[in-house]
Amino acid sequence: MRLPMDLAMPTRLMVALAGCALALLLNTGSAIGQPSNPSTPVSTPPPGSGGTGDEVVQTQWGPLGPADRDFMNRVKQAGLWEKPAGEKGKAKRADQPKIQEACKHLIEGHTLLDNVVNRAGVLLGHTLPTEASEEQKGWLAEMDAANGDEFDAIFANRLRAAHGKVYAYSAQIRAGTKNELIRILSTQAMITVFDHMKVLEETGRVDFAGLESPQPLAPPTAASGEPEPTGDNANASANPTEGVIPTVPEGTKFTRTAEQGVFGDNNGVFFGAIAVLALALVGMRMISRSKKNTRRKSRSY
């Protein structure tokens, strides 16, 4: 008995429909992943246009002041000596696993931090240093001249002391800066520097007695009950920021957050596409079974 219709046709139809639905979902996902309106264009100002001295420059990410520029310089210079210090330790102390681990974190951490500060410098028109300070070069020279346990002690204590100062400064900048890119940079600096302090302390060679002791905060004033403003906060009235709305273009490394998930904002679209594929496979399986059953019945006649 001949079948009245070709059962391969429904199979091809199911596959075609699934393909169309999947393409539609993925195209929708691409559209969702982009801002509905074009974001503010990223300006790339010429180097040096970010201001000098006490000058405050208005940028599309908020005002850029002297403390912000100083912070970028210090982050850049930290990488210019701490990354080489990690490379020296890796070469000199191959038989010391804890020193090797600290060196690995130093090299990887400052590679990442360099990428962030370099990007911030370009976007803000600030020219960054290209070499370490004389003091930092002196610390590297100390490491060059030392070997064995002496090297371990210099390595751990010089780096731990420097990281402690940078960590405190990063927190101060993060708390008070009015520039969005500097907030992002200072957050990344705090994460990286905290990790480095931890692995340096785990070497067992840090002399905590030699670190600078923390000082208590100044007491609040009797009149207002608030601490006296310091640094950039003291000049806030002289540098008004009314009407300045810091914006960062969507989809850049400066806006991606952990809350957005593995596939960004498109997790729902991704799982929807998977569901369409699963339904298509189930449908094809059912048609295949139906075709086999029909063939068995045709043979029985």
Side-chain angles (χ1 to χ4, degrees), residues 35 37-83 109-133 135-136 162-194 226-257:
N37 296 317
S39 57
T40 305
V42 180
S43 62
T44 305
S49 62
T52 58
D54 294 332
E55 183 182 5
V56 175
V57 177
Q58 297 300 328
T59 77
Q60 66 189 84
W61 294 281
L64 184 73
D68 301 319
R69 291 188 290 271
D70 178 67
F71 179 67
M72 283 193 284
N73 290 344
R74 290 177 184 273
V75 170
K76 181 64 178 179
Q77 284 187 310
L80 289 171
W81 86 275
E82 290 171 14
K83 188 175 178 181
H110 280 291
T111 297
L112 170 63
L113 201 53
D114 256 8
N115 290 337
V116 179
V117 72
N118 289 343
R119 179 64 173 160
V122 169
L123 291 176
L124 294 170
H126 178 65
T127 304
L128 296 167
T130 56
E131 60 181 40
S133 69
E135 183 180 37
Q136 292 165 342
H163 277 81
K165 292 178 181 178
V166 172
Y167 187 77
Y169 189 39
S170 299
Q172 178 186 349
I173 294 295
R174 180 63 181 83
T177 184
K178 300 174 180 65
N179 188 285
E180 188 166 358
L181 295 190
I182 299 300
R183 284 196 293 275
I184 294 168
L185 174 61
S186 57
T187 298
Q188 183 59 57
M190 290 173 67
I191 293 170
T192 302
V193 171
F194 179 78
E226 296 290 338
E228 290 286 350
T230 58
D232 281 355
N233 292 334
N235 298 324
S237 59
N239 303 314
T241 60
E242 288 79 1
V244 177
I245 303 175
T247 58
V248 176
E250 293 293 332
T252 67
K253 67 175 64 176
F254 287 109
T255 58
R256 184 65 59 187
T257 62

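Below, all heavy atoms of this structure are taken into account, side chains as well, without hydrogens, waters or symmetry copies.
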Report task. Only counting residues at least two apart or in another chain, list the ones meeting side-chain hydrogen bond (donor to acceptor under 3.5 Å, both in side chains) with Thr192. Result -> Gln188
Query raised in the report: Can you tell me how far CD of Gln172 sits from OG1 of Thr177, rounded to the nearest 0.5 angstrom?
Result: 11.0 Å
Report task. Output yes when a side-chain donor or acceptor of Arg69 lies under 3.5 Å from a complementary backbone atom of Gly53, and no otherwise. Result -> yes
Requested in this report: May I ask you to test the Asn118-Lys76 pair for a side-chain heavy-atom distance under 4.5 Å?
Outcome: yes
**Report entry** Nearest non-hydrogen partners of Met190 and Ser170, listed with the distance
**Finding:** CG-CB, 3.5 Å
**Report entry** Any donor-acceptor pair under 3.5 Å from Gln77 side chain to Arg74 backbone
**Finding:** no
For residues 120-131, tabulate all N or O donor-acceptor pairs below 3.5 Å that involve a side-chain atom, not counting sequence neighbours.
unit_1, atom_1, unit_2, atom_2, d
His126, NE2, Asn73, OD1, 2.8
Thr127, OG1, Gly48, N, 3.3
Glu131, OE2, Lys137, NZ, 3.2

Query raised in the report: Can you name the one residue among Asp68, Thr187, Val75 that meets side chain to side chain contact (heavy atoms under 4.5 Å, CB included) with Ile182?
Result: Asp68
Query raised in the report: Quick one: CH2 on Trp61 to CZ on Arg183, what's the gap to the nearest 0.5 Å?
Result: 13.0 Å
Report task. Without swapping roles, check the side chain of Arg174 against the backbone of Ala189 for a donor-acceptor pair under 3.5 Å. Result -> no
Requested in this report: Nearest 0.5 Å please: distance from the OG1 atom of Thr59 over to the CD atom of Glu180.
Outcome: 9.5 Å
Requested in this report: Ignoring hydrogens and angles, tell me if any N or O in the side chain of Asp70 forms a donor-acceptor pair with the backbone of Pro66 under 3.5 Å.
Outcome: no
**Report entry** Spatial distance of atom CG (Leu181) from atom CE (Met72) [nearest 0.5 Å]
**Finding:** 8.5 Å
Report task. Check the pair Ser186, Tyr169 against side-chain contact (heavy atoms from CB on, under 4.5 Å), reporting the backbone distance first and the verdict last. Result -> CA-CA 9 Å; Ser186 57; Tyr169 189 39; over 6 Å; no
Requested in this report: Take Ile184 and Arg119, measure what side-chain contact (heavy atoms from CB on, under 4.5 Å) needs, and give me the verdict at the end.
Outcome: CA-CA 11 Å; Ile184 294 168; Arg119 179 64 173 160; over 6 Å; no
